[in-house]
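I'd like to ask you about the structure that follows.
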Amino acid sequence: MRKKFLAILGGVLLAPLAFVSLTQTPAQAVPGWELKWAPNASTDGLAAFELVEDDRADSHPAGQPHIYTEGNNFRWNMHMVDRDTMTDRQRQEVAGMRTPAGGPYLQMLPGQSWRFTYSMFIPSTLKGTTTFTHIMQFKMPGTGSLPIMTISLDRDSSNQQIIEMQDFNENNLIIGSTPLVPLQNSWIDVEVETKIGDGTAGSLRFVIKKAGTTILDQTKTGIDTFLDDRVRPKWGIYRSLGDTSGSLQDTYMLITNMRGYQWTNNATPSPSPSPSPTPTPSNRYEAETATISQGTVASDHLGYSGTGFVDYTNVAGSYVQWAVNAPTAGQYNIKLRYANGTTVDRPEDVTVNGNLVANDLSFPPTANWDTWATKTITATLNAGTNLIRATGVTANGGPNTDYIEVDPAPAAVDYQAENATISQGVVESNHLGYTGTGFVNFTNIAGSYLQQAVSSTTARATSLTIRYSNGTTVNRPMDITVNGVLVANDLSFPPTADWDTWATKTITATLNAGSNTIKLTSSTADGGPNIDKLTIG
């Protein structure tokens with residue numbers, strides 16, 4: 001018996017490098033991949049796995065279950081307070097394959113070749129670390145054994161986050177790696193193939209695809225992929241607390257459409273399974289599963305996501321409310337997908353946890369009820385559960401609503417006033433507390449202005465914060481326009497304690513994708529206040 005014992009983790013999979021079509025004549029025994037395991041999360045649940053290690057040290061009962069199904073997805077949650085039985089690390093994993101669910105487990109033995117395929121969602125909160133963060137392993141069952149293969153989220157020599165596969169039997173031989181960040185916050189497809197062999201009889205292949213494009217496809221042959229007894233796959237989050245990059249935080253991972261194939265020479269290969277439904281993005285919250293007041297779930301128009309959409313009752317006050325989970329507190333983009341087949345706007349008030357974040361948000365007509373558009377706003381969410389409500393404000397009710405998608409907003413961007421286009425004003429630095437190299441002092445005249453070019457990656461409604469000082473005793477209002485559209489008429493800039501004291505005014509501005517122009521124009525003969533900077537987001 002070969003001896004490689006200690007505690008770390010398990011590995012990933014690969015198989016023969018030749019492929020034979022699975023669509024053979026019925027009952028014809030030819031070489032090919034035979035489907036052995038195809039769990040459905042929504043019906044099979046965790047009974048699809050041989051072993052479930054959910055908080056096995058019972059370190060965080062309030063967070064249990066950490067592993068569960070979410071629609072057609074398997075989900076793993078990891079909290080900073082979670083601890084494994086070895087308290088320097090965290091573990092939430094499943095292992096092995098049962099078929100049928102709850103039945104006998106499949107065994108992966110020497111000389112066999114296996115292929116695993118699945119779709120995976122890695123959020124930006126699940127980062128590469130300086131120690132170990134494993135998300136798939138091959139291991140020999142039992143405690144105390146080293147992994148055979150791991151897929152890990154790591155850091156390279158330049159501190160770049162990467163995803164990589166290693167063969168532990170070959171002194172951590174890297175099978176393949178690629179940058180992690182471009183793969184986060186989207187569904188990717190993973191293929192792992194292995195020939196199970198001792199010494200130089202094994203092989204591993206690691207494939208990653210995104211939106212149909214192959215990102216990584218690397219193979220190593222003539223390697224050791226066996227310890228003893230049998231090989232068992234594991235999936236989940238298993239990470240060390242010894243990371244020195246500051247990357248650990250509450251996070252999660254999603255996997256769906258899991259398939260396990262074995263290469264067979266003398267059996268009738270199974271046809272490829274029918275494609276599973278496209279995984280629902282983890283940041284998407286369907287309207288038909290939300291809380292609905294004075295509205296119905298309908299499916300009589302084309303192009304919706306999920307199982308339907310919400311058709312508001314034609315009455316002011318009808319609403320849809322979603323419970324949205326945010327991993328951390330901060331600014332998030334909220335994208336609302338809607339259709340409005342009428343000829344008039346159907347505005348809505350949007351609130352987050354009861355606070356108004358978008359007043360009379362416009363949902364203008366689309367070409368017809370089968371044509372969908374999106375509106376994006378930026379709002380602050382709390383860590384944990386948040387209630388996002390879209391309420392129709394006119395007797396027409398709201399538009400047909402398909403879903404919302406919620407993503408962390410880009411970091412706030414400062415635009416220094418002294419770098420903007422200035423008319424009838426000067427850049428000065430004769431007062432304290434400004435940022436950058438100075439501030440703008442407007443000429444005391446109506447019509448003096450500051451104009452700033454602002455770029456946005458998407459069309460969205462976001463916060464515009466203006467930092468100013470007003471050492472006089474009277475208000476100095478300004479008109480604020482975005483792309484020539486008045487968004488704040490006579491916006492008040494009341495007195496501050498003195499010219500060295502700075503305050504802020506925040507309004508909502510709707511930006512186009514690409515270049516935008518924001519203009520602040522003095523409304524009175526006193527001119528505007530001193531302006532330090534504009535902050536978007």
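Hydrogens, waters and symmetry mates are skipped; everything else that's a heavy atom, side chains included, is used.
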Just how far is it from atom CG of Asp490 to atom OG1 of Thr524, taken to the nearest 0.5 Å?
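Those atoms lie 8.5 Å apart.
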Quick one, Trp499 with Asn470, criterion side chain to side chain contact (heavy atoms under 4.5 Å, CB included). Give me CA distance, side-chain angles, the key distance, then yes/no.
CA-CA 6 Å; Trp499 290 108; Asn470 179 1; 4.2 Å; yes
Hey, what's the ring geometry for His60 with His79, parallel, tilted or perpendicular (30° and 60° as the breaks)?
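Plane angle over 60°, so perpendicular.
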Just to verify, which of Thr385, Ile404, Ile334, Leu387 counts as forming a side-chain contact (heavy atoms from CB on, under 4.5 Å) with Val324?
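That would be Ile404.
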Would Phe439 and Arg467 satisfy side chain to side chain contact (heavy atoms under 4.5 Å, CB included), going step by step from the backbone distance to the final call?
CA-CA 10 Å; Phe439 55 86; Arg467 189 170 191 260; over 6 Å; no
With no hydrogens and no angle check, just 3.5 Å: does a side-chain donor-acceptor pair link Asp414 and Thr535?
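A donor-acceptor contact under 3.5 Å links the two side chains.
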Determine whether Trp369 and Thr342 make a side-chain contact, defined as any pair of heavy atoms from C-beta on separated by less than 4.5 Å.
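Of all side-chain heavy-atom pairs linking Thr342 with Trp369, at least one is under 4.5 Å.
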For Tyr252 and Glu70, does a side-chain donor sit closer than 3.5 Å to a side-chain acceptor?
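Tyr252 vs Glu70: no donor-acceptor pair found between side chains.
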Judged by modelled atom types alone, do Thr517 and Asn483 share a side-chain donor-acceptor pair under 3.5 Å?
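Per modelled atom types, Thr517 and Asn483 side chains form no pair under 3.5 Å.
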Taking the inter-plane angle between the rings of Trp235 and Tyr118 on a 0 to 90° scale, is it parallel (under 30°), tilted (30 to 60°) or perpendicular (over 60°)?
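Plane angle over 60°, so perpendicular.
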Please tell me if the side chains of Arg89 and Arg239 come closer than 4.5 Å, counting only heavy atoms from C-beta onward.
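The answer is no, as the side chains (C-beta and beyond) never meet within the 4.5 Å cut-off.
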Lys210 side chain reached by Ser186 side chain, heavy atoms, under 4.5 Å
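Counting from C-beta outward, Ser186 and Lys210 do come under 4.5 Å.
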Salt-bridged, Asp189 to Lys209, with N to O below 4.0 Å?
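No, Asp189 and Lys209 are not salt-bridged.
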Answer with yes or no whether the side chains of Asn77 and Tyr68 bring together a donor and an acceptor at under 3.5 Å.
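Judged by distance alone, the side chains do pair up.
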Walk me through it: do Thr435 and Gln416 pass the test side chain to side chain contact (heavy atoms under 4.5 Å, CB included)?
CA-CA 8 Å; Thr435 62; Gln416 295 294 333; 3.2 Å; yes
ring-ring contact (aromatic ring centres under 6.0 Å, His included) contacts touching residues 444-476 (sequence neighbours left out)
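Counting only pairs at least two positions apart or across chains, the ring-ring contact (aromatic ring centres under 6.0 Å, His included) contacts touching residues 444-476 are Tyr468-Phe493.
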